[in-house]
Amino acid sequence: MSCLVIAEHDNTSLKSSTLNAVTAAAKIGGELHLLVAGCACTSVADSAARIVGVTKVLLADAPHYADQSPENIAALVLAQATGFSHVLAPATTAGKNLMPRVAARLDVAQISEIVAIESADTFVRPIYAGNVLATVQSSDAVKVITVRTTAFEAAGEGGSAAIEKVTAQADRGQSRLVSRELTQSARPELAAAKIVVSGGRGLGSGESYHRVLEPLADKLGAAMGASRAAVDAGYVQNDYQVGQTGKIVAPQLYIAVGISGAIQHLAGMKESRVIVAINKDADAPIFQVADYGLVGDLFELVPELTAAL
Amino acid sequence: MKILVSVKRVVDYNVKVRVKADGTGVDVANAKMSMNPFDEIAVEEAVRLKEAGIATEVVAVSAGIANCQETLRTALAIGADRGILIETDVELQPLAVAKLLKAVCEKEQPQIIICGKQAIDDDANQTGQMLAALMDWPQAAFASKVIVANGKATVTREIDGGLETIEIALPAVITTDLRLNEPRYATLPNIMKAKKKPLETLTPEALGIDVSPRLKTLKVAEPAKRAAGIKVADVAELVAKLKNEGVIA
Ligand SMILES: Cc1cc2nc3c(=O)[nH]c(=O)nc-3n(C[C@H](O)[C@H](O)[C@H](O)COP(=O)(O)OP(=O)(O)OC[C@H]3O[C@@H](n4cnc5c(N)ncnc54)[C@H](O)[C@@H]3O)c2cc1C
Ligand SMILES: Nc1ncnc2c1ncn2[C@@H]1O[C@H](COP(=O)(O)O)[C@@H](O)[C@H]1O
């Protein structure tokens, strides 16, 4: 057994999703190499080397890795993959963009968003918006895997792996980054936050989403999320969406405000430890998964809750 | 330019599926089937590119059992020009579908193929990216805006931190995210017209593609249910409960 994990980073710091993927790889066992591909990203390689469980860091530093284009990164991963039994990445938008390209070129299946590892070739993954868990076995020579980050603890710090420079592949020149609009926020990252305050269509507008929910999130030091309906209506940006086709979260506390609880939304938050729902409709499906339900008008209840904290 | 769109027949998104009693699979025998929602968005985008005079022909492709014809007819009713069914009874996994789509791309020579980002049954999120790799084409996955001009596509993509815009050379693969467009409803006259549009049937064997599954499903199960919660009377009771749980100070 030997695992290659693809690190996710922004050339400056390592994304915490990488730590969850490392834990999954460590469960498989054997050598565990972490590939850091980027531009002027030595600081990332340094923090990668300190992750417990990592036995070696492979560093590919070149200008055309700065933007993480899947065409270029896949070519690099393929060049490095020889000899590994497993290639893993977190099931983030970056991992989902990249890994199927790697799998297809290796002519192997990809095993998407695993939540448990039964053995080196057998994995559990949710299907049908998390309503079903499938146990699947791969007979392929190399297992290409994306890891649902909320299902594996973050690996700790304290290791001291060697960093080995690897040769960059030629720039494929197939894709060019024009711009990035990243949400700037002082709040914790949604996918890794301990408390999440999420709002749905019940908020009625972007203005009231922010006016009603922000003070509560501020008091709790919480990340903010949303239902698809709230994102579609433009209350908040796309990266707030929690659900089957958005972000998967599993915080200690998830507070759903004005969210009905469609299965696509539940798929993204039902693994949270404690779920609170505030909704004026006592029959809303969200109450079926909520540990504590509060029936009433969110415009009265949320400010009252904020004041009581 | 020609645009291909892939459309998958899936259990309708409103249906809550059940696991078969023996745990061998999901019971879909009598479930309502629909076009994968992301594929409706793909067809809509292709048809809009045709209406804008950028595309000249929109070809919808579906792989699976004979009933996938219905899914193709839906695509034709939205505005695709013709359909291709790759008929097989074998359970198709994303790599196999990507290989089938590659064979169709080689035959049809499209400039763009638009796939959904994810099928809502297997939740794999693989096929489009795999196809791009097999064709050695660039990809723009999770698109929320597409502009096609001068042999290039400028695509805004939904990523974890927000949005990114990339420019890719054509031919290329694009996969759709939810906010790319709002698909139109097929009108009755268009549903009637769709019945007369050409629909060709191919098979994996005729295309020379081995579609045998690579992953074996050992079992399926329903996830553990959450214990039933309670309704609290007021904010004070809620705060007390949350303190007791240790989730707030
Ligand atoms: C392919 C596909 C993928 C999808 N993916 C996702 C996904 O990833 N994430 C997701 O969230 N959804 C997703 N959806 C959409 C999902 O099906 C629902 O449409 C959506 O979650 C509904 O959002 P909502 O609960 O905010 O809105 P609604 O269902 O409209 O619910 C609003 C709720 O607010 C309550 N309310 C209104 N006013 C008040 C008030 N003053 N006080 C208290 N309560 C109030 C109402 O009682 C109601 O329950 C997807 C759908 C499809 C087809
Ligand atoms: N059997 C199929 N027939 C046609 N298109 C498919 C099929 N399977 C997957 N696709 C396409 O690939 C996308 C992603 O599917 P998946 O990789 O299975 O999540 C879907 O939205 C479809 O556009």
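Chain letters run A, B, ... following the sequence lines, proteins first, then strands; residues in each count from 1. No experiment lies behind these values; they were computed from the predicted model shown.
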Counting only non-hydrogen atoms closer than 4.5 Å, can you tell me which residues of residues 5-13 of chain B sit against chain A? B:Val11, B:Tyr13
Whether B:Lys231 engages the ring of A:Tyr292 as a cation-pi pair (distance to the six-membered ring centre under 6.0 angstrom, angle to the ring normal within 45°) should be assessed. no
Contact between A:Ile111 and B:Leu215 at the side-chain level, heavy atoms closer than 4.5 Å - yes or no? yes
Select, from A:Lys247, A:Glu118, A:Gln184, the one with the greatest count of heavy-atom pairs under 4.5 Å involving chain B. A:Lys247
Are any of the side-chain heavy atoms of A:Thr245 and B:Phe142 separated by less than 4.5 Å? no
Proximity breakdown for B:Ala132 and chain A, heavy-atom pairs closer than 4.5 Å: both
May I ask you to say whether A:Asp291 pairs ionically with B:Lys241, meaning some side-chain N is under 4.0 Å from a carboxylate O? no
Within 6.0 Å of CD in B:Glu182, more than 12 heavy atoms from elsewhere: no
Are any of the side-chain heavy atoms of A:Gln110 and B:Gln129 separated by less than 4.5 Å? no
Side-chain heavy atoms of A:Thr135 within contact of B:Val220, under 4.5 Å: no
Residue A:Thr146 versus chain B: region with a heavy atom under 4.5 Å: neither
Between A:Val178, A:Val124, A:Val102, A:Leu309, which has the largest tally of heavy atom pairs under 4.5 Å with chain B? A:Val178
Against chain B, label A:Asp107 side chain, backbone, both or neither, depending on which of its atoms sit under 4.5 Å from a heavy atom there. both
Verify the distance criterion only: is there a donor paired with an acceptor across the side chains of A:Thr93 and B:Glu158 at less than 3.5 Å? no
Might you point out which heavy atoms bring A:Ser112 and B:Ala124 nearest each other, and give the distance in Å? OG-O, 2.8 Å
Under 4.5 Å from any heavy atom of chain A - which part of B:Val28: side chain
Partner chain B: residue of A:Ile263, A:Leu301, A:Val274 with the largest heavy-atom pair count (under 4.5 Å): A:Val274
Minimum heavy-atom separation for B:Asp123 and A:Arg125, please, with both atom names. O-NH2, 3.2 Å
Between A:Gln237 and chain B, with a heavy-atom cut-off of 4.5 Å, which part of the residue counts as in contact: side chain, backbone, both or neither? neither
Taking the side chain as every heavy atom from C-beta outward, state whether A:Pro70 and B:Gln139 have any pair of such atoms under 4.5 Å apart. yes
Go through A:Thr122, A:Asp67, A:Val108, A:Val295 and name the one with the most non-hydrogen pairs under 4.5 angstrom from chain B. A:Val108
Minimal non-hydrogen separation, A:Asn97 against B:Arg157, with atom names: ND2-NH2, 3.1 Å
Can you tell me if B:Glu222 and A:Asn131 form a side-chain donor-acceptor pair at under 3.5 Å? no
May I ask you to name which of B:Ile166, B:Asp121, B:Leu95, B:Val15 has the most heavy-atom pairs under 4.5 Å with chain A? B:Asp121
pair A:Leu220-B:Ile248: side-chain heavy atoms closer than 4.5 Å: yes
B:Leu131, part contacting chain A, at a heavy-atom distance under 4.5 Å: neither
Bottom line for B:Lys99: the part with an atom under 4.5 Å from chain A's heavy atoms is side chain
Go through B:Ser144, B:Ala141, B:Ala221 and name the one with the most non-hydrogen pairs under 4.5 angstrom from chain A. B:Ala221
Side-chain H-bond candidate by donor/acceptor type, B:Arg214 with A:Gln137, under 3.5 Å: no
Need one label for A:Gln241: side chain, backbone, both or neither, based on atoms under 4.5 Å from any heavy atom in chain B. side chain
Identified side chain to side chain contact (heavy atoms under 4.5 Å, CB included) counterpart of A:Leu182 within the set B:Leu163, B:Ile159, B:Asp160: B:Ile159
What residue in A:Ala129, A:Ala290, A:Gly293 has the most heavy-atom pairs under 4.5 Å with chain B? A:Gly293
More than 12 heavy atoms of other groups within 6.0 Å of B:Lys145 NZ: no
Should B:Leu218 and A:Val136 count as side-chain neighbours, where that means a heavy-atom distance under 4.5 Å? no
Using a cut-off of under 4.5 Å for heavy-atom pairs, which of A:Glu113, A:Glu271, A:Lys270, A:Glu71 has the most such pairs with chain B? A:Glu71
Does any non-hydrogen side-chain atom of A:Asn238 lie less than 4.5 Å from one of B:Arg179? yes
Cut-off 4.5 Å, heavy atoms of chain B, and the answer for A:Ile195 is side chain
